[in-house]
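Chain identifiers are assigned alphabetically (A, B, ...) following the order of the sequence lines, protein sequences preceding nucleic acid strands; residue numbering begins at 1 within each chain.
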Amino acid sequence: MIDIPKTYDPKQAEQNHYERWEAAGFFAPEINKDPNAPVFSIVMPPPNVTGSLHMGHALQHTMMDVLTRYKRMSGFRTLWLPGMDHAGISTQLMVTRQLKKEGLTRHDLGREKFEERVWNWKQEYGGQILNQIRREGASVDWSREQFTMNENLSRAVRECFVRLYDEGLIYRGNRIVNWCPNDQTVLSDLEVLREPQKGKLYYLRYPFKDGTGSITVATTRPETMLGDTAVAVNPDDERYQSLIGKILVLPIMNREIPIVADDFVESEFGTGAVKVTPAHDPNDYEIGERHNLEQVAVIDQYARMTEAAGPEFAGLDRYQARELVVEKLEALELLEKVVDYEFAISKCERCKTVLEPLISTQWFCRMEPLRDLALAKLREDGKPQFVPAVPYEKVYSDWLENLRDWTISRQLWWGHQIPAWYKNDSEVIVARSREEAVEKAGTDQLTQEQDVLDTWFSSALWPFSTLGWPEKTEDLATFYPTSVLITARDIIFLWVSRMVMTGLKFMSREPFADVYVTGTVLDKHGQRMSKTKGNGIDPLEVFDKYGVDATRLTLASVGSTDTRWSERQVESYRNFANKIWNAARFCLLNSGGAETVTEPFAGDAASLPLHDRWILSRLNKTARDVERQLGQYDFHGVVQTLYHFFWDDFCDWYIELSKATITSETDSPERNIARARLLSVLEQSLRLLHPFMPYLTEELWQRLPVQHSRLLHQAYSGVEPTIMLASYPHCDDALVDDRAEADMDSVIELISRVRNIRAEMSIKPGEQVTVLIRGLRQVLPAFETNSAQIERLTRGKVVIQDGQEVPRASARAVLSGGVEVAVPLEGLIDFDVERARLSKEKEKLEKESGKLATQLGNADFVARAPVEKVDELRARMTEIARQQTALDQNLEALS
RNA sequence: GCCCGCUUGGCUCAGCGGUAGAGCACUCGCUUCACACGCGAGGGGUCAGAAGUUCGAAUCUUCUAGCGGGCACCA
């Protein structure tokens with residue numbers, strides 16, 4: 001006999017299959033031999049090379065894998081392309097830290113050696129996550145794996161840069177930017193973290209030059225006053241109107257600065273007068289532009305005071321300078337007051353250092369023309385379609401509308417070096433290569449721009465650069481645009497929108513039809529999981545404890561809403577996996593002879609036993625629901641559908657109803673057919689489940705005594721059989737049988753009610769009872785033909801009555817359709833208990849009929865509600881009345 | 001400050017205009033020949049609060065409260 005353990009061991013199944021799948025090339029689209037196959041493609045959001053698997057990844061990958069496996073089994077030419085991002089700042093930080101341990105800085109090595117070092121680091125530590133992705137069971141095509149720093153992708157980056165530059169969309173300019181004094185690089189607006197900060201608001205008095213008094217300004221950063229070149233007031237502020245144009249003497253510096261009028265100033269805030277430091281504040285910078293103010297840089301790239309701040313301050317750290325400024329102003333009696341104040345401070349997203357706004361020469365990308373492409377696409381074609389549409393479509397379009405130029409240069413060594421060369425240190429030549437630059441410049445006396453590009457610049461090209469762009473490759477023609485992007489909401493701006501813009505610009509097509517935005521897995525207190533909080537759950541540990549498949553079900557059911565992590569949930573899906581295992585175990589233990597039956601459901605469906613017609617109907621409806629729900633990215637819904645079909649319909653009822661025939665000791669054609677049918681339903685269920693539970697389903701499928709090769713989708717015929725490439729079950733409408741379902745519902749109701757009587761009357765489990773059934777002629781056949789099953793599941797002898805008397809000492813139940821059930825319990829029945837039980841039933845019905853009566857008595861309802869609704873309620877009312885009558889008679893019989 | 005989301009049984013979540021659902025937890029009974037990670041039978045919610053629209057609202061509208069998130073140039 002077959003030896004199958006009673007408990008499912010996920011580890012074993014996990015070890016058994018992935019390598020084989022990968023080695024056999026099952027993940028690659030080439031496995032599909034149908035030249036007319038529809039195409040399904042996804043590019044994996046490239047995780048950072050510095051990263052390791054976290055819940056967010058596991059969540060997204062599960063959903064991507066579910067869709068990929070589903071489409072692959074449905075015969076699509078399917079590509080899920082994996083890869084990694086070089087993650088400029090993060091990676092450089094990582095390697096810099098490693099160097100620091102050796103007492104070195106990157107400058108000790110020099111740029112070339114440093115880059116080499118990063119590549120070595122990548123070789124050694126980078127990409128751990130790739131093996132973790134394998135563990136998840138992700139069916140990605142490793143033969144197409146990409147890395148943003150690969151030569152082909154770097155080439156795409158240069159091509160993109162040159163084209164945008166030639167069109168005037170990329171330019172070099174001197175502007176105020178977000179500067180990280182720690183990482184020594186500029187950052188884009190999206191890489192800035194805004195954090196609330198408790199601080200102080202300092203009120204400083206600036207005297208008029210003519211000695212007639214002073215004006216008071218409020219600031220959170222007094223040290224910047226050293227670089228002030230004006231004070232601004234609102235032009236409509238009556239308090240200050242007469243002072244506009246007046247000259248002040250900037251304390252400490254003794255610089256003469258004007259009072260200017262600018263709409264930016266809010267009269268209500270502070271004193272209504274603002275000190276203006278164009279070199280160190282983005283707003284002041286703009287005021288400065290409007291009023292042609294001098295920019296005095298008093299803070300340098302290390303956040304230290306410059307010579308321009310004066311000899312006493314030069315070289316001081318910005319916070320030391322703050323103290324000294326305050327001290328001096330106090331001494332001069334120009335510090336009016338200091339109040340506690342909470343405000344938002346800008347920090348570096350990576351290293352959390354407080355940023356310093358600085359004026360600096362950087363490369364920028366003009367976004368308006370690109371933005372317009374994206375907005376037009378959304379408005380005209382509704383692409384990409386966000387799921388859920390609310391709120392993400394609006395979040396996306398609102399952001400696009402307010403888009404500002406993108407700072408694309410970074411003062412890093414790790415990244416794509418900007419393809420610009422300087423001739424005589426001034427003239428700029430932008431070219432795809434040094435050779436091209438030399439040709440354009442007419443000299444080889446060129447130095448390349450030292451800056452690299454923002455990591456997101458290369459990510460923005462990911463959906464087409466990974467497929468070969470700018471070459472016109474077959475992959476590009478086949479797989480672009482991709483089908484769907486699955487991502488977390490925090491990179492809609494950083495990444496999603498930029499892919500759309502570059503995709504439309506360079507490919508003239510949106511990069512993906514749909515964007516599915518996943519929910520977030522929160523900790524049990526509802527907090528986001530984060531490294532700094534240390535409240536993250538490691539998916540790999542969950543895999544170890546509960547198995548990959550159970551974890552995948554848990555994650556899939558998160559769907560698009562934020563969900564608190566609950567280990568109990570995983571546990572229940574672990575139990576589900578075990579349930580599947582044991583159902584299969586039962587089928588296998590009772591499979592002898594089944595293999596002789598090739599078409600277990602062949603012939604006229606109407607002639608099948610009720611439970612067979614019923615399970616086929618349920619199975620096909622399930623396939624239909626799954627298809628619909630997956631089409632809507634309703635991952636939570638699909639998991640529920642599959643869970644309940646398998647556990648409730650298949651295990652609780654179909655297996656139980658089949659047992660009588662299947663477990664028969666003697667070999668017979670009936671037994672073999674029943675066994676084959678059971679196996680067939682199990683086998684199809686495994687296929688339905690496979691996208692969610694790849695390991696368990698493959699493990700079991702391989703063990704089934706079925707003709708595996710015949711189950712493969714035709715696009716894969718001839719390959720070594722695997723459930724991965726078996727045909728995904730689709731609904732066959734001919735097998736949906738509402739009549740069978742209704743009949744089966746009656747049988748289930750009957751069995752449940754008898755079981756209820758047994759439990760309530762405390763009938764011993766082993767004790768046989770008699771089940772008397774009477775009712776209208778049309779409902780009885782279902783009970784008649786299934787009496788053997790009913791007897792088995794109720795441990796009762798079924799007697800279909802023809803108007804015979806029911807013994808007084810019976811427990812009774814009234815079923816829908818007016819069916820009455822009685823279980824004679826002479827000597828066992830407690831009449832009081834039974835009367836109470838029936839009275840409770842009656843109360844329930846009375847409550848409902850009361851409600852219905854009110855509703856049906858409402859003339860407005862009858863007049864305005866849809867006819868079908870009214871009819872439905874009337875039918876229900878009739879049904880209740882019938883049951884009430886029967887209950888009354890039963891109660892009477894008991895008295 | 002502006003915008004958005006969430007608030008359903010003890011817990012985690014579905015449902016989103018027509019008699020309140022699931023899993024876990026809980027109660028009772030079961031070593032019933034696949035499974036105690038199980039089987040059978042139960043108990044438990046005025047769907048955050050208020051007002052409104054509607055014949056009818058957990059479901060639509062408005063407001064309030066609590067929680068969470070995004071955006072923002074208030075020095």
Is the base of rC35(B) touched by the side chain of Arg585(A) through a donor-acceptor pair closer than 3.5 angstrom?
no
Position toward the 5' end of RNA chain B (nearest nucleotide), Phe269(A) or Arg753(A):
Arg753(A)
At 4.0 Å (heavy atoms only), tell me whether Pro282(A) reaches a base, stays on the sugar-phosphate, or touches nothing.
nothing
Quick one: salt bridge (charged side-chain N to carboxylate O under 4.0 Å, His left out) pairs with a partner in residues 642-663 of chain A, sequence neighbours left out?
Arg618(A)-Asp649(A), Glu656(A)-Lys659(A)
Whole-Å gap separating P (rG21(B)) and NE2 (His644(A))
13 Å
rG52(B): pairing nucleotide in any strand, Watson-Crick or G-U under 3.5 angstrom:
rC60(B)
When you compare rA25(B) with rU19(B), how far apart are their P atoms, in angstrom units rounded to a whole number?
30 Å
Base, sugar-phosphate or nothing for Arg876(A)? Non-hydrogen atoms, less than 4.0 Å.
base
Rounded to the nearest Å, what distance is computed from the CG atom of residue Leu682(A) to the P atom of nucleotide rC35(B)?
16 Å
Options rA75(B), rC39(B), rG29(B), nucleotide nearest the side-chain atoms of Trp647(A):
rC39(B)
Determine whether a donor-acceptor pair (one donor, one acceptor, N or O, separation below 3.5 Å) exists between the side chain of Glu656(A) and the base of rA34(B).
yes
Write down the distance separating the C1' atoms in rA48(B) and rU8(B), rounded off to the nearest Å.
10 Å
Taking atom P in both rC39(B) and rA22(B), what distance in whole Å separates the two?
15 Å
Audit row: Thr407(A), Arg175(A), side-chain contact (heavy atoms from CB on, under 4.5 Å) steps and yes/no
CA-CA 10 Å; Thr407(A) 312; Arg175(A) 299 235 307 248; 5.6 Å; no
Look at all strands and tell whether Tyr8(A) reaches a base, only sugar-phosphate, or nothing, counting heavy atoms closer than 4.0 Å.
nothing
Could you point out which residue of Arg568(A), Gln569(A), Glu567(A) forms a side chain to side chain contact (heavy atoms under 4.5 Å, CB included) with Glu571(A)?
Arg568(A)
Once you apply a heavy-atom cut-off of 4.0 Å, does Gln855(A) come out as touching a base, just sugar-phosphate, or nothing?
base
Presence of donor-acceptor pair under 3.5 Å, side chain of Lys579(A) and base of rC35(B):
yes
Looking at every strand, decide which applies to Tyr643(A) at a 4.0 Å heavy-atom threshold: base, sugar-phosphate, or nothing.
sugar-phosphate
rG66(B) versus rG49(B) - spacing of their P atoms, nearest Å
16 Å
Distance, rounded to the nearest Å, where Arg874(A) contributes CZ and rU19(B) contributes C1'
17 Å
Is any side-chain heavy atom of Thr271(A) closer than 4.5 Å to one of Tyr240(A)?
yes
Contact class for Cys587(A) (heavy atom, under 4.0 Å): base, sugar-phosphate, or nothing?
nothing
Start at the 5' end of RNA chain B and walk down; is the nucleotide closest to Thr7(A) or to Arg404(A) reached first?
Thr7(A)
Go through the steps to decide whether Asp523(A) and Trp565(A) satisfy the test side-chain contact (heavy atoms from CB on, under 4.5 Å), and finish with yes or no.
CA-CA 5 Å; Asp523(A) 73 4; Trp565(A) 179 256; 5.9 Å; no
What orientation do Tyr643(A) and Tyr573(A) show, parallel under 30°, tilted 30 to 60°, or perpendicular over 60°?
perpendicular
Which one is paired to rG66(B), where only Watson-Crick or G-U wobble pairs with both distances under 3.5 angstrom count?
rC6(B)
Have a look at Val274(A) and say if it touches a base, only the backbone sugar-phosphate, or nothing, with a 4.0 Å heavy-atom cut-off.
base
Do Arg795(A) and rU32(B) have a side chain to base donor-acceptor pair shorter than 3.5 Å?
no
Minimum side-chain heavy-atom gap Trp581(A)-Ile4(A) below 4.5 Å:
yes
Please measure how far the C1' atom in rG29(B) lies from the corresponding atom in rG23(B), and state the result in whole Å.
22 Å
For the P atoms, the ones on rU61(B) and on rC37(B), what distance do you get once it is rounded to whole angstrom?
47 Å
Nearest-angstrom distance, P atom, rC35(B) to rG69(B):
47 Å
May I ask you to say what Lys851(A) touches in the nucleic acid, namely base, sugar-phosphate or nothing, with a heavy-atom cut-off under 4.0 Å?
sugar-phosphate
Relative to the ring of Phe635(A), is the ring of Tyr516(A) parallel (under 30°), tilted (30 to 60°) or perpendicular (over 60°)?
perpendicular
Grab the CD1-P distance between Ile345(A) and rC74(B) for me, whole Å please.
14 Å
With heavy atoms under 4.0 Å as the rule, sort Tyr546(A) into base, sugar-phosphate or nothing.
nothing
Would you indicate what Val558(A) reaches in the nucleic acid, counting non-hydrogen atoms under 4.0 angstrom: base, sugar-phosphate, or nothing?
nothing
Identify the nucleotide, in any strand shown, that forms a Watson-Crick or G-U wobble pair with rC28(B), with both distances under 3.5 Å; if there is none, say none.
rG40(B)
Rounded to whole angstrom units, what separation is found between the NZ atom of Lys524(A) and the P atom of rC11(B)?
14 Å
P-based separation of rU54(B) from rC16(B) [nearest Å]:
24 Å
In whole angstroms, how far is the P atom of rG68(B) from the CG atom of Asn535(A)?
14 Å
Rounded distance in Å - NZ (Lys847(A)) to C1' (rA20(B)):
11 Å
Which whole-number value in Å describes the distance from Arg528(A) CZ to rG70(B) C1'?
11 Å
